[in-house]
Amino acid sequence: MAYTKFTFDDDPQPPAQDSIKQTTPKTAPIPTAVLAETEKQKAFKVVDFQASDEEIDLPFPLGGGNSTSTSSNKRKRQESAHLDIDASGFETVGKKGKTLSKRDHGEGKRLREERERLAKERAELPIWSGQEAIQKAVKENDTVVILGETGSGKTTQVPQFLLTLFPNTPSTPRPPRIAVTQPRRVAALSLATRVAAEQGTKVGQRVGHSVRFDTVVGPATRLVYCTDGMLVRELLGDPMLSQYSAIIIDEAHERNISTDILLGSLREIQKIRNAPGATDDSGNPQVPLKVIVMSATLDAERFSTFFNHCPILYVRGRQHPVKIYHTEEDSDQYEDLAVRTFFQIHTARPDGDVLIFLSGQEDIDNLAQQIKFLSNQLERHYQNVLVLPFMASTSPLDQARVFQPAPARTRKVILATNVAETSITIPGIKYVIDTGVCKEKNYLSRRGTGIETLSLKLVSQSAAQQRTGRAGREGPGFCYRLYTSQTYKKMSAAPLPEILRTNLSSVVLQLKEIGVDDVQSFGFLDMPHPDFITESLMTLYGLGALDKTLHLTPTGSRMLKFPLDPAQARIVLASIDRSCTLDILDILALANETPIFTDPIDKRAESAEARASFRHRDGDHLTMLNVLRSYEALPKSDSAGRKLWCRDRFVNERNLKRAIQARDQMREICVRENVDWKTTAGDDSEPILRSLLDGLFMNTAIERDGEYKQMVGNSIVKIHPSSTMFGRRANAILYGEIVHTSNTYARSVSQVQYAWLAELPMFSFAGAGLE
DNA sequence: CTCTCCCT
């Protein structure tokens with residue numbers, strides 16, 4: 001039996017009350033049944049790990065003196081006040097009552113009691129002792145960067161510190177309103193609820209939230225937790241963000257497109273609103289805009305540099321220790337390593353659930369099968385194993401099981417994509433297995449038409465740290481990285497910001513709307529590649545959103561009213577002329593909530609059959625419309641029946657519901673814009689397909705010898721196997737997107753007529769390539 | 001012969 005000894009003799013000293021030390025065996029017995037079964041194909045070798053003492057270098061030494069910096073802005077940094085806020089060094093007793101008791105009017109006893117209970121918890125947060133330092137820094141500077149580790153309490157507390165900083169006095173022209181942005185809507189919603197309770201009020205009073213489909217903000221609201229995308233929307237209608245006196249950009253390290261747009265815009269807004277003696281259009285003094293950038297990783301210095309070398313405050317976090325292990329050798333067989341590592345943990349380590357990070361559905365389904373199979377071979381004295389896949393497309397029912405505690409004598413193992421990497425906490429996780437891979441979307445610029453790719457990538461160091469941290473939410477944990485520490489050191493520090501790897505047509509259109517005519521000169525934190533910008537300008541010109549001088553047209557402005565990308569917004573406008581807006585709004589809403597069908601790997605044949613029952617001869621767009629129409633024809637009152645209907649037909653009901661919500665919002669926008677959304681093409685698909693073509697003319701291909709050749713771009717594309725057009729032949733197709741994975745696949749495909757292509761303004765040069 | 005993940 002060729003396997004090496006497997007030891008954990010360098011574990012951290014567990015706390016005295018912890019049971020780890022009594023139950024940890026020195027070597028891991030590998031169950032004979034497992035070995036026998038797998039040895040037929042491959043020797044079941046134990047994975048060797050090395051413990052590593054990974055340390056994070058703080059950019060700002062904690063003990064005061066900051067002379068170790070070697071960066072070019074060293075002098076600047078030394079001038080500004082870098083603070084280290086650490087709960088241990090401060091006495092906070094007696095301070096907490098002061099800010100809270102001030103507003104003890106007329107609220108219910110219950111809210112007051114809740115607030116008082118929460119006040120004790122708040123006072124124990126690491127950030128609490130830094131309240132005065134933070135207030136002082138914000139008072140003295142236009143912008144402050146706060147580097148707060150996870151568990152520091154920055155997201156709930158910093159906004160409340162600012163509330164007391166900007167009192168509502170008669171001299172303030174408007175009640176100072178503070179926005180706090182979040183990358184995810186669930187985060188914005190739950191934070192608003194929590195902070196409202198800490199303030200002793202209900203959401204919609206002093207504290208509100210603002211996310212798509214759900215804005216609860218009242219006249220008394222001073223603090224708004226919103227998604228960053230929502231604030232970008234507000235920016236389009238109010239380029240000075242005049243109703244806010246402070247904007248807090250949270251999770252800035254994630255570098256969303258929306259966050260990057262906001263950071264660039266806020267700096268410009270400050271130049272105007274914070275200039276000495278600045279007045280608004282009516283001649284009133286401008287209220288200066290305070291900006292607080294909050295980040296959880298060590299890129300704080302970049303934000304500081306961007307905002308004129310503003311001060312950085314450092315806040316200690318509170319996280320349980322996680323022991324990190326790396327493999328001794330690198331291997332690309334990460335699925336195999338993950339299985340082995342899981343069983344090493346399962347057979348030799350104390351209770352505690354396991355979270356395995358994988359790249360996507362394929363990995364997850366494979367691993368789930370293997371672990372289920374092998375765990376059934378285990379000797380009976382081992383615990384049961386409960387395997388739970390977890391990705392964004394997992395049904396709500398199955399997602400709920402991920403968060404429920406495991407039954408008695410059972411160890412949960414959760415197989416997750418990076419959906420589990422940020423913000424959500426799964427209770428009970430003690431062990432993390434990090435395969436070190438993820439899927440990442442990228443954009444390649446190529447002769448006028450960009451290409452999106454979705455490919456397997458090594459994660460970044462910061463993602464690896466996030467994954468590791470998932471093991472230390474409730475107590476000390478363990479993280480097994482299926483790569484060497486050398487590989488870790490070679491990983492990029494952070495993922496490439498989204499703005500550097502996406503199609504920019506939405507961004508460019510939005511910037512044009514807020515008056516940024518020369519996108520090249522906009523102050524991005526990271527400047528996108530000039531070719532990306534050129535491509536987006538060409539696309540927008542082709543859609544009629546920009547004129548020949550690249551200025552925004554009335555069509556472009558109208559397109560921005562819809563929460564859609566420019567091509568889709570153009571399709572809506574086309575549908576108005578072609579009298580099929582009802583149908584198009586349904587189709588576009590569905591297209592943005594894919595997948596509409598579920599496709600479990602072990603039931604492929606059944607799900608394909610179910611899809612076929614909705615098939616429309618013209619392709620995926622009208623097939624999805626069939627699904628929606630059938631679903632909406634079911635009795636509204638019978639939600640259990642509808643759920644069953646969806647399950648039997650492999651329809652993802654959650655995505656269908658989300659599409660309906662998005663569709664209804666677009667209908668409301670139509671009403672506001674004086675557009676009749678009730679026009680329908682009935683059974684005639686031609687107006688619908690032609691409307692789609694008006695926006696997707698770049699995404700077209702014609703059939704030649706059984707292959708589809710792009711009209712623009714000249715590549716050969718294949719129809720994705722999940723498409724209803726897969727295996728069928730059409731003269732010409734249009735598609736929602738191209739994705740380069742194992743092949744160049746067109747997804748969301750419908751068939752169109754040659755003749756329609758030739759009539760498009762884009763191809764009116766007598767249809768080159770057409771017959 | 002198969003789709004990382006958010007957001008308006």
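Sequence lines set the chain letters: A, B, ... in the order given, protein chains first and strands last, and positions in each chain run from 1. This is a predicted model, so every value here is computed, not measured.
- Taking atom CZ of A/R185 as the reference point, atom P of B/dC5 lies 17 Å away to the nearest angstrom.
- Among A/R611, A/R604, A/E609, A/K603, the one residue that satisfies the side chain to side chain contact (heavy atoms under 4.5 Å, CB included) test with A/F650 is A/K603.
- At least one side-chain nitrogen or oxygen of A/T227 sits closer than 4.0 Å to the OP1 or OP2 atom of B/dT8.
- Distances were taken from every side-chain heavy atom of A/N743 (C-beta onward) to each of B/dT8, B/dC1, B/dC3; the shortest belongs to B/dC1.
- Each of B/dT4, B/dC3, B/dT8 was ranked by its minimum atom distance to the side chain of A/D599; first place goes to B/dC3.
- A/I719 places its CD1 atom 15 Å from the P atom of B/dT2, with the value rounded to the nearest Å.
- You'll find that the side chain of A/N418 is closest to B/dC5, out of B/dT8, B/dC5, B/dT2.
- For B/dC5, the OP1/OP2 oxygens have a side-chain nitrogen or oxygen of A/T417 closer than 4.0 Å.
- Each of A/R212 and A/R611 lies near DNA chain B, and the nucleotide nearest A/R611 is the one positioned closer to the 5' end.
- For the pair A/H720 and A/F726, the minimum side-chain heavy-atom distance is 4.5 Å or more.
- Counting non-hydrogen atoms under 4.0 angstrom, A/S359 reaches the backbone sugars and phosphates but no base.
- For A/T741 and B/dC3, the shortest distance from a side-chain N or O to OP1 or OP2 is below 4.0 Å.
- Of the two residues near DNA chain B, A/D228 and A/K441, the one whose nearest nucleotide lies more 5' is A/K441.
- In this structure, A/Q361 atom CD and B/dT2 atom P are separated by 12 Å, rounded to whole Å.
- Among all heavy-atom pairs drawn from A/V717 and A/A746, the shortest one is CG2-CB, 4.5 Å.
- When rounded to the nearest whole Å, the span between CD of A/Q182 and C1' of B/dC7 equals 13 Å.
- Going from atom CE of A/M725 over to atom C1' of B/dC1 covers 16 Å, rounded to whole Å.
- If you run salt bridge (Lys or Arg N to Asp or Glu O under 4.0 Å) between A/E593 and each of A/R654, A/R658, A/K657, only A/R658 comes through.
- Remark: A/R649 is not positioned above the aromatic ring of A/F614, lacking an NZ or CZ atom under 6.0 angstrom from the ring centre and at most 45 degrees off the axis.
- Put simply, A/Y745 has a side-chain N or O that comes within less than 4.0 Å of OP1 or OP2 on B/dT2.
- In this structure, A/R667 atom CZ and B/dT8 atom P are separated by 20 Å, rounded to whole Å.
- A straight line from CG of A/L456 to P of B/dC3 spans 11 Å, rounded to a whole angstrom.
- Residue contacts for A/E440: at a heavy-atom cut-off of 4.0 Å it reaches no nucleic acid atom on any strand shown.
- The backbone N or O of A/N655 lies less than 3.5 Å from a partner atom in the side chain of A/N652, making a donor-acceptor pair.
- Among B/dT4, B/dT2, B/dT8, the nucleotide with an atom closest to any side-chain atom of A/R604 is B/dT2.
- A/V232 comes within 4.0 angstrom of no nucleic acid atom, judged by non-hydrogen atoms across all strands.
- Between A/R467 atom CZ and B/dT4 atom P the separation is 13 Å, expressed in whole Å.
- The side chain of A/R747 approaches B/dC3 more closely than any other nucleotide in the set B/dC1, B/dC3, B/dT4.
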